[in-house]
Amino acid sequence: MAGIIELSERQQRIVSIVKDEGPITGERIAKQLNLSRATLRPDLSILTMSGILEARPRVGYYYAGKTNGRLFSRFIQRMKVKDYQAVPVVMTEDASVYEAICHMFLEDVGTLFIVRKGAALSGVVSRKDLLKAAMGKQDLNELPISVAMTRMPHIITCSQEETLLDAASKIIQYEVDALPVVKPDGENDHLKVIGRLTKTTITRAFVELGEGQGAV
Ligand code: ADP
């Protein structure tokens, strides 16, 4: 996985010596490890290039504090919504609650986006919205989906260029399962729905990362 450094046993020993005794010269590190300075050179250059150690002329090496954890978070911050988004599942405002329930089952999703002409985002419907609507005594065929949905401007959205981390943080902060991926449609002054980002999407990205197939 690009960007993540897996340290060899010797490199880990160097880091721990520098942590304990830095600033320390390459000569002294070599002595402690019973190795020659030349043998250590490739290890020291990997450790400085990756930002784990820093080298100062005439002072020596010291620990720069950029641990694998920090490198890993920088890696995650490069993941973009556009590389992970799923296809949006939408319905129009004139659909009934009954149709929305069927659509949710058939499409196997937990959130539907409600749109007007031109894919303009107007609402979001979750499973619980539909359960709530179904608890009433009304005929679900006659009940328009617009009465059950959360509507604009209360919808939390994300853009394709946003980081996956920012989008995931919104899912946590606003306690929702899905975000519509939108782009502004300047001409008509609305947000056009172009994708779907869900807890599943993020779980999939997490699994891919763990398996070493990250998209960055
Ligand atoms: P559920 O509670 O059905 O499992 P959510 O947690 O996603 O699903 O939805 C909770 C409430 O938040 C629902 O009323 C839903 O309409 C609303 N909601 C869902 N997604 C969003 C979103 N992206 N922005 C604003 N509100 C949303």
Side-chain angles (χ1 to χ4, degrees), residues 73 75-210 214-216:
S73 69
F75 177 81
I76 287 182
Q77 282 158 18
R78 288 205 297 266
M79 297 166 82
K80 292 279 164 62
V81 165
K82 65 167 180 260
D83 296 320
Y84 295 92
Q85 70 187 41
V87 184
V89 177
V90 302
M91 290 194 94
T92 50
E93 275 182 347
D94 55 5
S96 69
V97 168
Y98 183 81
E99 285 170 319
I101 293 171
C102 296
H103 203 53
M104 198 175 259
F105 268 97
L106 289 174
E107 296 288 339
D108 196 16
V109 292
T111 312
L112 299 170
F113 302 139
I114 310 301
V115 295
R116 287 199 211 106
K117 244 189 19 221
L121 178 63
S122 73
V124 172
V125 175
S126 77
R127 282 175 278 226
K128 237 178 276 160
D129 294 330
L130 293 177
L131 278 178
K132 206 162 120 196
M135 279 159 60
K137 296 262 183 290
Q138 299 104 317
D139 179 354
L140 300 184
N141 280 300
E142 298 300 322
L143 201 60
I145 195 62
S146 52
V147 302
M149 70 188 192
T150 298
R151 38 178 77 244
M152 287 295 277
H154 304 292
I155 301 176
I156 314 302
T157 64
C158 67
S159 74
Q160 278 190 309
E161 290 307 318
E162 211 167 307
T163 66
L164 201 62
L165 187 63
D166 282 343
S169 304
K170 287 182 193 172
I171 287 183
I172 299 295
Q173 182 185 349
Y174 295 99
E175 298 180 5
V176 293
D177 290 348
L179 303 178
V181 183
V182 296
K183 71 172 182 202
D185 182 344
E187 252 172 61
N188 299 305
D189 194 27
H190 65 224
L191 294 174
K192 192 171 172 177
V193 181
I194 53 174
R196 176 167 61 97
L197 197 85
T198 67
K199 288 180 177 173
T200 305
T201 323
I202 290 156
T203 307
R204 188 176 302 121
F206 178 78
V207 170
E208 281 178 15
L209 268 183
V216 187

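When a ligand or atom number is given, it counts from 1 through the structure's own listing order. Just so it is clear, the structure is predicted and the values come from calculations on it, not from any experiment.
- For the atom pair Glu107 CD and Leu112 CG, the distance stands at 8.5 Å (nearest 0.5 Å).
- Of the polar atoms of Ile156, at least one N or O is found under 3.5 Å from an N or O of ligand 1, judged by distance alone.
- Atoms of ligand 1 found under 4.0 Å from any heavy atom of Lys128 (numbered from 1 in listed order, with element): 1 (P), 2 (O), 3 (O).
- Residue-ligand proximity, Arg127 to ligand 1, at heavy-atom distances under 4.0 Å covers atoms 3 (O).
- Close approach to Asp129 involves these atoms of ligand 1, each under 4.0 Å from a residue heavy atom: 13 (C), 14 (O), 15 (C), 16 (O).
- For ligand 1, the polar-atom distance check finds an N/O of Asp177 within less than 3.5 Å of one of the ligand's N/O atoms.
- Thr201 and Thr198 share a side-chain donor-acceptor pair at under 3.5 Å.
- Heavy atoms of Val176 found under 4.0 angstrom from ligand 1 belong to the backbone as well as the side chain.
- Here is the list of ligand 1 atoms found below 4.0 Å of a heavy atom in Thr150: 14 (O), 15 (C), 16 (O), 17 (C), 26 (N).
- Residues Glu162 and Lys170 have side chains in contact (heavy-atom distance under 4.5 Å, counting atoms from C-beta outward).
- Closest of all the heavy-atom pairs between Leu197 and Val181 is N-CG2, 4.1 Å.
- With rounding to the nearest 0.5 angstrom, the CG atom of Asp166 is 10.0 Å from the NZ atom of Lys80.
- Atom OG of Ser122 is separated from atom CE of Met91 by 12.0 Å, given to the nearest 0.5 angstrom.
- For the pair Val124 and ligand 1, a heavy-atom separation below 4.0 Å is found.
- Taking every heavy atom of Glu175 and a limit of under 4.0 angstrom, the matching atoms of ligand 1 come to 6 (O).
- Residue Ile155 approaches ligand 1 through these ligand atoms, each under 4.0 Å from one of its heavy atoms: 24 (N), 25 (C).
- The proximity of His154 to ligand 1, defined as any non-hydrogen pair under 4.0 Å, is limited to the backbone.
- For the pair Leu130 and Ile145, the minimum side-chain heavy-atom distance is below 4.5 Å.
- Proximity of a side-chain donor or acceptor of Arg151 to a complementary backbone N or O of Ser146 within less than 3.5 Å is detected.
- Between Ala178 and ligand 1, a contact under 3.5 Å exists for at least one N or O pair.
- Comparing heavy-atom distances from atom 1 (P) of ligand 1 across Cys158, Ser126, Ala148, Pro180 singles out Ser126 as nearest.
- With Arg196 contributing its side chain and Val87 its backbone, the two residues share a donor-acceptor pair below 3.5 Å.
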